Amino acid sequence: MFAPHTLKDRVAFITGGAGDIGFDIAQAYGRMGAKVVIASRNEERLKKAEAELQAQGIEATAFVTDVRNFDQVKRSIDDTVAKYGALDILVNNAAGNFHCPTAGLTPNGWKTVIDIDLNGTFYGCLAAYEHLKQSTHGGNIISIITMLGVMGWPGAAHAAAAKAGILSLSRTLAVEWGGDNIRVNTISPGPIGDTEGVKRMYLDTGRGELEQKKTALGRFGAKADIANAAVYLASDLAAYTTGDNLVVDGGRWLKYVAN
Ligand code: HXC
């Protein structure tokens with residue numbers, strides 16, 4: 001467990017923060033003293049998440065935002081700075097995905113996922129840049145990807161290409177923006193139980209048990225595993241870490257066989 005002041009006085013903006021991994025990151029940041037803004041499309045879900053965070057004593061705000069729309073992303077990030085006076089941490093977590101063999105994928109299906117994952121991440125980085133540059137703690141960008149994006153991900157060519165694009169973008173920004181004291185890193189979760197992604201890709205397709213066996217640890221991870229990694233990367237403990245891809249996957253990408 002980190003010390004409760006680990007992220008004291010930081011302001012974090014988390015896309016897709018209303019559910020799954022994004023909510024757990026928001027919760028962990030809040031518990032470590034950060035003010036958190038969660039952004040996603042579904043107002044009802046967002047408001048419920050905001051109330052849950054506030055009930056825990058966390059300073060939290062929700063802004064309805066479709067990450068596919070640059071103007072909305074920029075407005076929400078500017079509103080965050082107007083409300084809390086700064087932006088220190090951007091977490092690009094919002095993602096869209098569905099299982100579909102590539103031969104059956106329509107151009108719009110492809111574009112939809114690229115728009116949410118890759119373009120949404122770029123829009124967040126672009127809108128946050130001037131604010132992160134002014135962070136007194138040093139700016140921080142963390143994007144959630146997956147090692148499946150640099151392997152081969154049957155049935156998810158759209159998401160794989162988007163995640164690989166985010167990895168590339170992050171490495172370039174780490175180099176371009178390092179001189180502005182902005183660190184840029186990615187986290188690659190493995191299969192995290194109790195998330196929409198694992199449900200869609202593995203449980204709904206009848207591959208739950210197989211996919212657990214494909215990890216070195218033989219089990220799905222927990223959302224808290226990713227939230228802890230996100231706290232570490234955002235904190236001063238990772239002050240010299242930039243351009244990194246922190247793999248938190250139970251050894252999934254290293255294992256060749258399911259046994
Ligand atoms: C084939 C599909 C499809 C499916 C949608 N499409 N679902 N094609 N199979 N199952 C196609 C549609 O036909 C349409 O193309 C295009 O995609 C856009 O679909 P819409 O429903 O209009 O899009 P929209 O309402 O914007 O919804 C976006 C979405 C949706 C991505 C399609 O699933 C969504 O909102 N998802 C958010 C939640 C989510 O995906 N969570 C998982 C992320 S986790 P046409 O040509 O017909 O117009 C993750 C990590 C996974 O990604 C890690 C696993 C280990």
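Order of listing sets the numbers, starting from 1, for every ligand and every atom in it. If you're wondering where the values come from, they're calculated on a predicted model, not measured in any experiment.
Between the side chains of Thr6 and Tyr232, no donor-acceptor pair of N or O atoms lies under 3.5 Å. Of the N and O atoms on the side chains of Ser143 and Asn92, at least one donor lies less than 3.5 Å from an acceptor on the other residue.
Considering backbone and side-chain N/O atoms, Arg200 comes within less than 3.5 Å of an N/O atom of ligand 1. On a distance-only criterion, Asn97 and ligand 1 share at least one N/O pair closer than 3.5 Å. Ligand 1 has no N or O atom lying under 3.5 Å from any N or O atom of Asp117, backbone or side chain. Of the polar atoms of Trp153, none of the N or O atoms is found under 3.5 Å from an N or O of ligand 1, judged by distance alone. For Lys163, no nitrogen or oxygen atom sits less than 3.5 Å from a nitrogen or oxygen atom of ligand 1, counting backbone and side chain alike.
The nearest heavy-atom contact from the protein to atom 10 (N) of ligand 1 is Phe98 CB, 3.6 Å. In this structure, the protein non-hydrogen atom closest to atom 17 (O) of ligand 1 is Gly109 CA, 3.3 Å. Scanning all protein heavy atoms for the shortest distance to atom 43 (C) of ligand 1 gives Ala95 O, 3.6 Å. Looking from atom 29 (C) of ligand 1 to the surrounding protein, the closest heavy atom is Thr112 CG2, 4.4 Å. Of the protein's heavy atoms, Asn108 ND2, 3.9 Å lies nearest to atom 14 (C) of ligand 1.
For ligand 1, the atoms closer than 4.0 angstrom to any heavy atom of Met201 are 54 (C). Ligand 1 places these atoms under 4.0 Å from at least one heavy atom of Thr106: 15 (O), 45 (P), 46 (O). Every atom of ligand 1 is numbered from 1 in the order shown, and the set under 4.0 Å from a heavy atom of Glu196 is 41 (N). Contact atoms of ligand 1 toward Tyr202: 55 (C) (distance under 4.0 Å to a heavy atom of the residue).
For atom 21 (O) of ligand 1, no protein non-hydrogen atom is found at a distance below 4.0 Å.
A donor-acceptor contact shorter than 3.5 Å links the side chain of Asn93 to the backbone of Gly16. Of the possible polar contacts, none joining the Asp244 side chain to the Thr241 backbone as a donor-acceptor pair under 3.5 Å is found. When atom types are taken as modelled, the side chain of Asn42 and the backbone of Arg45 share a donor-acceptor pair closer than 3.5 angstrom.
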Go through it in stages, so that I can follow the logic: the residues are Phe98 and His158, the test is ring-ring contact (aromatic ring centres under 6.0 Å, His included), and I'd like the CA-CA distance, side-chain angles, deciding distance and then a yes or no. CA-CA 9 Å; Phe98 50 80; His158 43 8; 4.7 Å; yes

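Smallest separation of non-hydrogen atoms from Ala18 and Ser40: CB-OG, 3.7 Å. Across Lys74 and Ala127, no two heavy atoms sit closer than the pair CA-CB, 3.8 Å.
Heavy-atom distances between Pro191 and ligand 1 stay at or above 4.0 Å for every pair. The shortest heavy-atom distance from Arg68 to ligand 1 is under 4.0 Å.
Using cut-offs of 30° and 60° for the angle between ring planes, the Tyr202 and Phe220 rings count as parallel.
No salt bridge links Lys48 with Glu44; every basic N to acidic carboxylate O contact stays at or beyond 4.0 Å. In summary, Lys111 and Asp115 engage in a salt bridge, as defined by a charged side-chain N under 4.0 Å from a carboxylate O.
Under 4.0 angstrom from ligand 1, the non-hydrogen atoms of Arg41 all belong to its side chain.
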